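Notes follow the structure.
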Amino acid sequence: MENPFKFGMVVRGSDFCDREKEISDLIQIVNSGMSVTLISPRRYGKTSLIINLLDRLDGYKKVYIDLMSVVSLNAFLEKYSTEILNSAGGLKKFVSKLNSMIKITGKMSLNIGNLNLEIDVDPKATDDVENVIELPAKLDGKFVIVMDEFQEIMNITEIDLISILRKKFQFFQNTVFIFSGSKSSIMREIFANPAKPFYRFSQIYELQNLEIEESRKFVMDKFRSSGVEIENDAFKKIYEITNGHAYYLQALSYHLWFLTKDRKKAEIPDVYAALKKVIFGEKAAFESLWDGLTPNQKRILKVLSRDLSPYSLKISAGSVNRALESLKKIDLVERNGEFRIMDPIFKIWLKSYE
């Protein structure tokens with residue numbers, strides 16, 4: 001039988017741990033006409049949440065734009081316009097109207113083979129940039145436009161694109177935006193800093209770890225539907241280890257299912273065996289991350305992995321503060337009363353890594 005757990009990919013439908021409260025909240029925000037900014041660390045399941053949210057929204061033309069690989073102004077404009085036109089009926093539908101809809105002095109052509117627009121504008125020609133950005137306002141119907149990994153827009157340096165986007169987006173009458181990003185510190189800088197253009201443009205929604213009861217139902221139902229009985233204590237150990245982290249909850253359950261599928265029962269010792277497989281799978285990434293840290297950052301992470309105060313180290317408080325701030329910026333630690341390591345499996349790995 002196929003493993004019922006999926007991780008490392010976008011999941012939808014029965015493979016998605018429902019997050020009913022979050023989806024209900026987000027549907028209410030979108031239907032009220034408010035844009036929303038979804039923030040969480042990597043691997044919390046933001047993209048899967050967004051895709052499942054779009055599946056449940058009615059009455060909108062739905063646009064999903066992944067900005068992870070976008071590094072230039074023209075690449076952004078091409079992806080932005082292509083995805084919007086595809087969602088509005090397909091590029092072929094607009095071939096004869098493109099020049100009247102998107103009036104630019106630069107070059108624009110339709111790549112028939114890949115079915116995408118190719119745009120080449122001079123960054124100094126801000127009117128051209130604004131005319132492309134205004135595209136949703138020129139189309140019929142209501143749009144919900146997802147801009148995933150939005151923090152990557154900061155890598156576009158040819159123009160102050162973020163200010164132009166804010167300038168144009170505020171006048172759209174038929175469009176709601178969902179901004180999503182996995183670099184929490186940068187997303188907060190963009191949307192929560194009063195000095196930045198997007199301050200108060202959208203409602204900020206911080207995605208939390210999965211709740212225990214929702215996780216319990218998902219994990220235990222998946223095991224039982226595949227013919228494997230899982231002890232409640234074994235589930236509790238899964239949740240304790242992962243702290244409801246969406247990626248690791250699925251990954252640990254995935255390995256646990258493989259270890260127990262033949263004897264049809266999953267117990268606590270099996271969870272620890274599955275944990276070893278998860279850590280082994282992450283080992284190369286953790287070692288690469290570790291090698292790029294400074295000595296003080298490493299010292300602080302080792303102390304935090306044992307739930308001790310970083311200020312117990314024999315280094316100055318100023319050095320501790322600087323190291324903690326740098327670790328926050330790369331989303332390795334967060335402060336919720338006390339500082340803690342955000343990745344639960346990285347924390348476990350740190351305890352044993354010398």
Side-chain angles (χ1 to χ4, degrees), residues 10-12 16-68 70 76 79-80 83-84 87-88 133-137 139 141-154 161-211 214 244 246 331 334:
V10 174
V11 294
R12 65 201 313 167
F16 176 68
C17 189
D18 289 337
R19 285 194 182 272
E20 290 294 342
K21 179 184 183 301
E22 292 89 340
I23 286 184
S24 177
D25 289 346
L26 292 168
I27 288 174
Q28 184 175 357
I29 294 169
V30 170
N31 284 339
S32 71
M34 284 285 295
S35 291
V36 60
T37 296
L38 189 61
I39 298 178
S40 78
R42 290 178 62 248
R43 295 175 162 186
Y44 267 45
K46 284 187 308 301
T47 301
S48 292
L49 172 63
I50 288 168
I51 297 302
N52 284 272
L53 169 65
L54 293 179
D55 287 344
R56 302 188 198 187
L57 285 171
D58 297 318
Y60 296 92
K61 293 180 171 68
K62 304 162 190 176
V63 184
Y64 176 82
I65 305 171
D66 184 357
L67 297 176
M68 179 56 78
V70 172
F76 169 79
K79 180 163 280 195
Y80 175 85
E83 297 300 342
I84 288 170
S87 295
I133 291 169
E134 288 174 349
L135 182 58
L139 296 166
K142 296 193 299 182
F143 284 84
V144 55
I145 299 178
V146 176
M147 305 188 82
D148 203 359
E149 300 300 349
F150 187 73
Q151 74 278 337
E152 299 303 309
I153 210 137
M154 302 299 288
L161 180 58
I162 202 160
S163 292
I164 294 176
L165 292 176
R166 176 65 171 84
K167 171 186 172 184
K168 305 310 293 185
F169 285 175
Q170 66 183 325
F171 293 111
F172 288 7
Q173 298 299 310
N174 64 339
T175 303
V176 172
F177 291 93
I178 299 174
F179 304 99
S180 173
S182 58
K183 296 179 181 176
S184 304
S185 60
I186 300 177
M187 290 294 287
R188 290 190 183 94
E189 176 68 13
I190 293 171
F191 289 97
N193 185 338
K196 299 298 181 182
F198 270 95
Y199 179 63
R200 289 189 173 175
F201 178 81
S202 59
Q203 181 171 333
I204 294 177
Y205 194 97
E206 299 223 18
L207 191 60
Q208 305 298 321
N209 287 354
L210 294 165
E211 294 182 356
E214 194 168 41
D331 289 331
E334 65 178 353

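The model shown is predicted, which means the values in this text are computed figures rather than measured ones.
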Can L49 and F16 be said to form a side-chain contact (heavy atoms from CB on, under 4.5 Å), step by step?
CA-CA 8 Å; L49 172 63; F16 176 68; 3.9 Å; yes
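- When every heavy atom of I23 is checked against every heavy atom of L53, the shortest pair comes out as O-CD1, 4.1 Å.
- The closest donor-acceptor contact from the side chain of K62 to the backbone of L57 lies under 3.5 Å.
- F198 and F150 have perpendicular rings, their planes meeting at more than 60° on a 0 to 90° scale where under 30° would count as parallel.
- By the 4.5 Å heavy-atom criterion applied to side chains, V63 and I65 are counted as neighbours.
- Residues F172 and I145 are not in side-chain contact: their nearest non-hydrogen atoms beyond the backbone lie 4.5 Å or more apart.
- For the pair D331 (side chain) and S184 (backbone), a donor-acceptor distance under 3.5 Å is present.
- In this structure, V36 and Y205 approach most closely via the heavy-atom pair CG2-CB, 3.9 Å.
- In terms of heavy-atom proximity, M68 sits nearest to D66 at N-OD1, 3.0 Å.
- A heavy-atom distance below 4.5 Å is not found between the side chains of E22 and E211.
- Scanning both residues, M154 and I186, for their nearest heavy atoms gives CG-CG2, 4.2 Å.
- Atom CD1 of I50 sits about 12.0 Å away from atom CE of M147, to the nearest 0.5 Å.
- Scanning both residues, A192 and I204, for their nearest heavy atoms gives CB-CD1, 4.0 Å.
- Side-chain N or O atoms of E214 include one that pairs as donor or acceptor with a backbone N or O of E20 at under 3.5 Å.
- Note that CD of Q151 and CZ of F191 are 9.5 Å apart. Values are rounded to the nearest 0.5 Å.
- The line from CG of N31 to NZ of K142 is 7.0 Å long, rounded to the nearest 0.5 Å.
- Expressed to the nearest 0.5 Å, how far NZ of K168 lies from OG of S163 amounts to 13.0 Å.
- In terms of the side chain to side chain donor-acceptor pair (under 3.5 Å) criterion, residue partners of S202 (sequence neighbours excluded) are, by chain and number, T37.
- Residues I178 and L26 fail the side-chain proximity criterion, which asks for heavy atoms closer than 4.5 Å.
- Between F171 and E134 there is no side-chain heavy-atom pair separated by less than 4.5 Å.
- Salt bridge K183/E189: absent, no basic N to carboxylate O contact under 4.0 Å.
- Distance CE/M34 to CD1/I29: 7.5 Å, rounded to 0.5 Å.
- By the side chain to side chain donor-acceptor pair (under 3.5 Å) test, D55 pairs with R12, sequence neighbours left out.
- For the pair R19 and L207, the minimum side-chain heavy-atom distance is below 4.5 Å.
- Considering every non-hydrogen atom in both M187 and S180, the closest pair reads CE-C, 3.7 Å.
- Contact annotation: the side chain of I133 approaches that of L161 to within less than 4.5 Å [non-hydrogen atoms, C-beta and beyond].
- Taking the six-membered ring where the residue is Trp, F179 and F201 present perpendicular rings, their angle passing 60° and hence far from 30°.
- Remark: S24 OG to R56 CZ distance equals 9.5 Å, nearest 0.5 Å.
- Contact check for P136 versus Y80: side-chain heavy atoms found under the 4.5 Å cut-off.
- Screening residues 44-54 for side chain to side chain donor-acceptor pair (under 3.5 Å), with sequence neighbours left out, gives S40-K46, Y44-N209, T47-D148.
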